[in-house]
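Throughout, residue positions are numbered sequentially from 1 according to the sequence presented.
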Amino acid sequence: MWVFLVTGNSYEMEGPVCLIQNTSAGELQVNQEALDILRSIGQPVVVVSIVGLYRTGKSYLMNRLAGKTTGFSVCSTIQSETKGIWMWCVPHPRRDDVTLVLLDTEGLGDVEKEDEKNDTWIFALVILLSSTLVYNSMRTIDHQALRNLHYVMELTNHIKVRSSEEGEGEASADYAQFLPSFVWTVRDFTLDLLFDGRRPPRRVPGEISEDPVSNCIQNFFPTRKCFVLNRPVSQSKLKVLDELCDSHLDPGFVQQVTDFCSYLFNQSKLKTLSAGVIVTGSVLGNLAVMYVEVIRSGSVPCLENAVAALSKIENSAAVEESCALYRRLLGERVVPDPKTGAVGEKDLSGVHDVCLQEALQLFKTNSFKDEDERYQKDLIEQIKEVYRGKCSENTELSLCNSLLQRLSEKLGHASYLRPGGYADYRIQLDSIVQTYRATPGKGVQEDEKNDTWIFALVILLSSTLVYNSMRTIDHQALRNLHYVTELTNHIKVRSSEEGGGEASADYAQFLPSFVWTVRDFTLDLLFDGRRITPDEYLEKSLKIQSVLGNLAVMYVEVIRSGSVPCLENAVAALSKIENSAAVEESFALYRRLLGERVVPDPKTGAVGEKDLSGVHDVCLQEALRLFKTNSFKDKDERYQKDLIEQIKEVYRGKCSENAELSLCNSLLQRLSEKLGHASYLRPGGYADYRIQLDSIVQTYRATPGKGVQAHQVLEAFLQDREENIRDIRRTDKVLTQRMHLLKEDKTRADRQRYEAEAEAAQREKKVMERRLGGQFVGMEKPVCLISSTTTGDLQVEKEALDILNSIRQPVVVVAIVGMYRTGKSYLMNRLAGKHKGFSLGSTIQSETKGIWMWCVPHPHRKDQTLVLLDTEGLGDVGKGDQTHDTWIFSLAVLLSSTFVYNSMGTINNEAVMSMHYVTELTEHIKVKSSKEKGEEMPSDYIRFFPTFVWAVRDFTLELKIEGKAVTADQYLENSLKLVKGNSKHVAYSNGPRECIRNYFPTRKCFVFDQPASKEKLRIIEELTDADLETAFVRQTLEFCSYIFKQSKEKTMTGGLMVTGQMLGNLAVMYVDAIRSGSVPCLENAVAALSKIENSAAVEESFAIYRRLLGERVKLPTKTQEELSSVHDGCLKEALQLFMNRSFKDKDQAFQKHLMERIKEEYDGKCSENAVASQIHCTDILQQLWEKLDPESFMRPGGYADYRVQLDSIIQNYRATPGKGVQAEQVLEIFMKDKNDLGSSILKADIDLTEQDKKLKEERARAEMEKFKAEVARKEQEDTAKRLEDAERAHVENQSQLMEKMERDRQAILEENQRILDQRLEEQRALISEGFAAKAQAMEAQVQSLQREVAASKNRGGGCVLL
């Protein structure tokens, strides 16, 4: 236990004690030991508190403020030390009359906490208790750092300025007067304080952002200060930081801490409440108790209520203490006469004055915010009461003693010392006693106050009060009930603290019902000749007293004027008074009832005539009934007629107003019949609508006889049209903008088309340069893949897309995301094997914008390309829209096969909560299309999502949990354990944890030391490994080795490997979906990519078929078999390429299309081959025929010579090689053409007989038939060959398809088995962590996966292409 030293006015503790702790039930309570210490401090206090994430060095800073290196607990493991709020009271180093109270809080965001609400209340309490609040964070002020301060946004939910009774909203200025000054300390700061090239002021840079947290800080804390602190020592020395002296620390850090302490000592103000009331230690303790009790009760601390409650506590105590002092001093200083017990009046008054002054002086010293001096007045009243009691007691003693002394003067003692003396003495003594008792005004024994209190008590205790009197209810009977008039002096409805007079209605709700019993009643119950009930008798009696009061006034005024009272005049005057009052009261009743019961139409404001008349009649009857009850001697019913006239006037006005409303609404309805709403929902519709509406208004205003309600009706009409006007104006604006955009888009599209055509050749050249036999040549430097336009839209850059389109290899895609200024780009450069590449920066502005890409050859796999994606830093305070960060995060998840999340310092609750983007993935990424039914399960996302790596930078803690060393992976898994509980805070805290565990079952963690000192970090690109910390170099090598060896190829569902070209298409599709306002759908993306890739596969396969066929076939081919053989080889290669390139070819639609195109190409090639053969054969025959002179055979014997030459031509033709498939067909045509020439030569040969000629003709015809038969046979063989070719193509196609289906089936089986194993492992982990219900909820998902695995194993068979 710490010792608290009090020396004079100096208050000092040897060490801290817990001020507010958590009970085992999770509730806050104030530690009595700390409370006793605070109550012993009568000095004003300066209260400095510190908050921030755990393990950020808060306690060390507070120890330095206390002038020590040890005190508040400092530790170096990954578990937090400080719990609750700890306090250390020390003498203020600069002010002798002030005590410095230091409050150290437990770290926010501890992953082991079960309920984040505890953090919220800890934050709220230090806000309430401190005069200076220090917020401690690490490394930089970015969106994440601001998001960690989300407690500021919740202040209005956990702290109220005004009580709930006040209806007005609370402004920031209301809070600012109560909240402390704000100091932000940024620890381990490694950047240059440069912004746009200049050094900014050292203030919290919330002014550059529209972040809601920034706005709250600016509004709630108008006084702000910022300190940036270097890392104090190397990581190895951090474990013994509290043992090191300043000479062992970084000099810059020592100077910064000195500046920090000096600022707080000089600038931190006293803790005050509203109106500048200074808080002492005792008051601070009371505040702590009040705030904690309010929180424990489930309410919200209210600053005004706290001040009021504190005022009540302090002032009540001051009143009690001062009154006690007065009583004590009065008792000590008043010396009564020994015989009578009385004191001289002057002596008593003098002692009272002195005691009163001393009591008031004590009260003024101890009182606090005694508004209107209410408590001082209460004190004076109490003192007066005591003094009056003392005076009364003294007076009674003096009077009674004097009376008894006078009465007993003759009661001598000696004269009764005789026989019979005792009886005489008793008679005389009894006479004195009777005379004494009969003498009035002796004191409280005879005071009538006793009767008054008796009456008040029965009033308070009873539910029905019976008042008993005799004979009649008259003035005397009423006067005997004077106790009623004194009730307000003896009974109060409200406490003395509440201001304002108390009305009769306030008492009526508490007092009992009243019964008057009149005993020995002998009169007749008649009034004005009619019999009345006892109740009416009572009410008339009470009223008559009022009338008598009026009579009394009149009589007195007549007498004072010098006249003689006249009874008839009095009755007439009284009649006038009473009847006038009755008219006024009845008329007021009519107006009130008419206003309440007339319900106008909501749109027109008018009422149906019959409805209005009916309500009028009822109200009139009730008003007349009241008048008859209250009127008195209304001669000729003059006052009643006057009442009816007044009522008629009101009714006529109401009817006139109603008629005007009906007329005006009817007129407006007729004028606006053609004012249709839908007809103006078009471009330019708003202007036309306004013209028409203005015309209606002008016509309406020009129409006479509308009445006084015309303006109000018109206003209501226009108000009713406001929504239509807004709709028409909005629609007009949107449609008009679209028309302009369409025109602009057309102009822009034309211009872009011309520019694209101009750049096409250059891009194609670059693409071809990057293709070297399928092997990708690495990029020299990164390029932007996805950028933001000036309008904030995302777009894919053409240069990057061209590079990806040139990569036909599978790709391994590693993406990194995290807060800006956390060293992401440096890690990616190391993965690229470089020190420079992705842009690095050392200032407080972020460098990388959008998503940048660097494609390099994979260092371990020659057939793959490594694609590195560096993203812009999340949480940049310069951004205005956080949606941009969400889309960057989502795109990195969608495009990568390994996803690296980079954070700083430690994995605490806030670091996990900063992954809130994970919980939003299902809002920004859909697995199934809208056409699909059924809920999306985590297993659906796992098929598409990458592996997960968490890189923790500048890690300074020891990897120990409960004293045992753990690996980085175990550290990550411990941080991702779910928090138990069912509250909203628990569900909110578990959200990111569950999402990471569900969506990223494959997880890895790396922790990195700081690479170098702050000075070297600015030039880290220029440093070699020898210049860096050895541990950091080793950790970086381990990280790169893991990424190179374990990162898998980017795949789509079913295990399809993604190439660079496919990755580019994916990027375009996802960005287009985002730009259109839609949510990227993975199934739609797969379907769209399938269409793109399968179409490309068809084109590429068909192109290779055409190319190979063109290269391998020289037309004309010798035979059809030669062309068919080449076709078979080309078809096989084309199909093999298609099978490798295509994926998800549903119903083999693209494959069928490819086969149809190949068949068409082959048929065309066959036709082309035939034509080539025809041309070649015709040329051969033409050349051979040119040597023959047909005229030379027109002679005797010429035919025989002609036949010899013709047979020679045929032999030479057939002997000529390379004629092709049409050789016989061409020969047949040739012979048919020469048949007529042969006939002419035959007829001209006179040497032949007719018989010989006939034989020759028959032989020629036979040869022609032989040629025809040979041609037919050849054509039949070619047709059969073509059919065989088609059959072989079908068999080859089916064979390759079956092989592909088996590969796809095996890939799906492996994928399903992998996901099933991961889900089973997660289910077992949930059971071991005590979340059986969540594990049970996964059962349906597990069973579904098991069925898919079984179906994949059993799935087989083939397909038939029709």
Side-chain angles (χ1 to χ4, degrees), residues 1091 1094-1142 1145 1147-1181 1217-1230 1232 1267-1300 1358-1362:
K1091 184 177 180 180
N1094 290 336
S1095 298
V1098 168
E1099 294 297 329
E1100 197 169 337
S1101 301
F1102 179 69
I1104 196 171
Y1105 172 84
R1106 290 187 66 179
R1107 181 174 61 80
L1108 292 178
L1109 194 64
E1111 291 173 354
R1112 296 175 182 178
V1113 172
K1114 185 175 180 181
L1115 299 182
T1117 60
K1118 185 176 181 180
T1119 62
Q1120 183 65 31
E1121 288 84 355
E1122 181 182 347
L1123 179 58
S1124 175
S1125 176
V1126 173
H1127 159 71
D1128 290 343
C1130 296
L1131 173 65
K1132 186 173 183 178
E1133 291 190 38
L1135 282 175
Q1136 188 173 1
L1137 175 63
F1138 177 81
M1139 295 299 179
N1140 291 336
R1141 178 80 187 271
S1142 67
D1145 183 10
D1147 300 327
Q1148 291 80 50
F1150 288 94
Q1151 188 172 346
K1152 291 177 185 177
H1153 181 54
L1154 172 63
M1155 293 302 295
E1156 289 172 359
R1157 291 185 65 180
I1158 288 177
K1159 183 178 181 301
E1160 290 176 4
E1161 181 65 19
Y1162 179 55
D1163 290 344
K1165 186 60 76 173
C1166 288
S1167 299
E1168 186 181 345
N1169 188 42
V1171 171
S1173 176
Q1174 289 175 0
I1175 296 171
H1176 184 56
C1177 292
T1178 301
D1179 289 343
I1180 292 173
L1181 287 171
K1219 296 186 297 296
V1221 294
Q1222 290 292 313
E1224 294 302 322
Q1225 289 88 335
V1226 172
L1227 181 59
E1228 179 195 0
I1229 296 170
F1230 176 77
K1232 188 176 180 180
F1267 278 125
K1268 289 180 180 179
E1270 182 66 21
V1271 169
R1273 183 189 65 78
K1274 184 66 174 174
E1275 287 179 348
Q1276 187 176 6
E1277 287 180 356
D1278 289 347
T1279 301
K1281 188 63 180 175
R1282 294 277 292 277
L1283 290 174
E1284 288 178 9
D1285 291 344
E1287 181 62 26
R1288 283 199 308 275
H1290 176 71
V1291 171
E1292 178 65 27
N1293 186 28
Q1294 190 173 21
S1295 173
Q1296 293 206 27
L1297 179 59
M1298 293 297 293
E1299 291 178 7
K1300 178 176 175 59
C1359 68
V1360 177
L1361 292 176
L1362 299 177

**OP:** Show the numbers, then the answer: is there a salt bridge (charged side-chain N to carboxylate O under 4.0 Å, His left out) between Asp1128 and Lys1132?
**Re:** CA-CA 6 Å; Asp1128 290 343; Lys1132 186 173 183 178; over 6 Å; no
Original post:
Can we say Glu1168 and Lys1165 salt-bridge, meaning some charged N sits less than 4.0 Å from an Asp/Glu carboxylate O?
Top reply: yes
Subject >> Interatomic spacing from CD1 in Ile1180 to CG in Leu1227 - rounded to 0.5 Å >> reply: 11.0 Å
**OP:** Report the distance from atom CD of Glu1100 to atom CZ of Arg1107, rounding to the nearest 0.5 Å.
**Re:** 10.0 Å
Original post:
In Å and rounded to the nearest 0.5 Å, what is the CG to CD distance from Leu1131 to Glu1133?
Top reply: 10.0 Å
Subject >> Flag, side chain of Ser1095 to backbone of Lys1091, donor-acceptor distance under 3.5 Å >> reply: yes
Original post:
Under 4.5 Å between any side-chain heavy atoms of Gln1222 and Pro1116, yes or no?
Top reply: no
Original post:
Which heavy atom in Asn1094 sits nearest to a heavy atom in Phe1138, and how many Å separate them?
Top reply: O-CE1, 4.1 Å
Original post:
Which residues satisfy the side chain to side chain donor-acceptor pair (under 3.5 Å) test with Glu1099, sequence neighbours excluded?
Top reply: Arg1157
**OP:** List in chain and number order the residues that pass salt bridge (charged side-chain N to carboxylate O under 4.0 Å, His left out) with Lys1219, two or more places apart in sequence or in another chain; answer none if no residue qualifies.
**Re:** none
Original post:
Parallel, tilted or perpendicular: which fits the ring planes of His1127 and Tyr1162, with parallel below 30° and perpendicular above 60°?
Top reply: parallel
**OP:** Taking the side chain as every heavy atom from C-beta outward, state whether Leu1135 and Met1155 have any atom pair closer than 4.5 Å.
**Re:** yes
Subject >> Distance, nearest 0.5 Å, that separates NE2 of His1176 from CG of Leu1181 >> reply: 10.0 Å
**OP:** With sequence neighbours left out, write down each residue that passes side chain to side chain donor-acceptor pair (under 3.5 Å) with Glu1161, or none if nothing qualifies.
**Re:** none
Original post:
Taking all atoms of both residues into account, what is the closest heavy-atom pair of Ala1134 and Ile1158, and its distance?
Top reply: CB-CD1, 4.2 Å
Original post:
Between Ser1173 (side chain) and Val1221 (backbone), is there a donor-acceptor pair under 3.5 Å?
Top reply: yes
Subject >> Nearest heavy atoms of Leu1115 and Asn1169, plus distance in Å >> reply: CD2-OD1, 3.2 Å
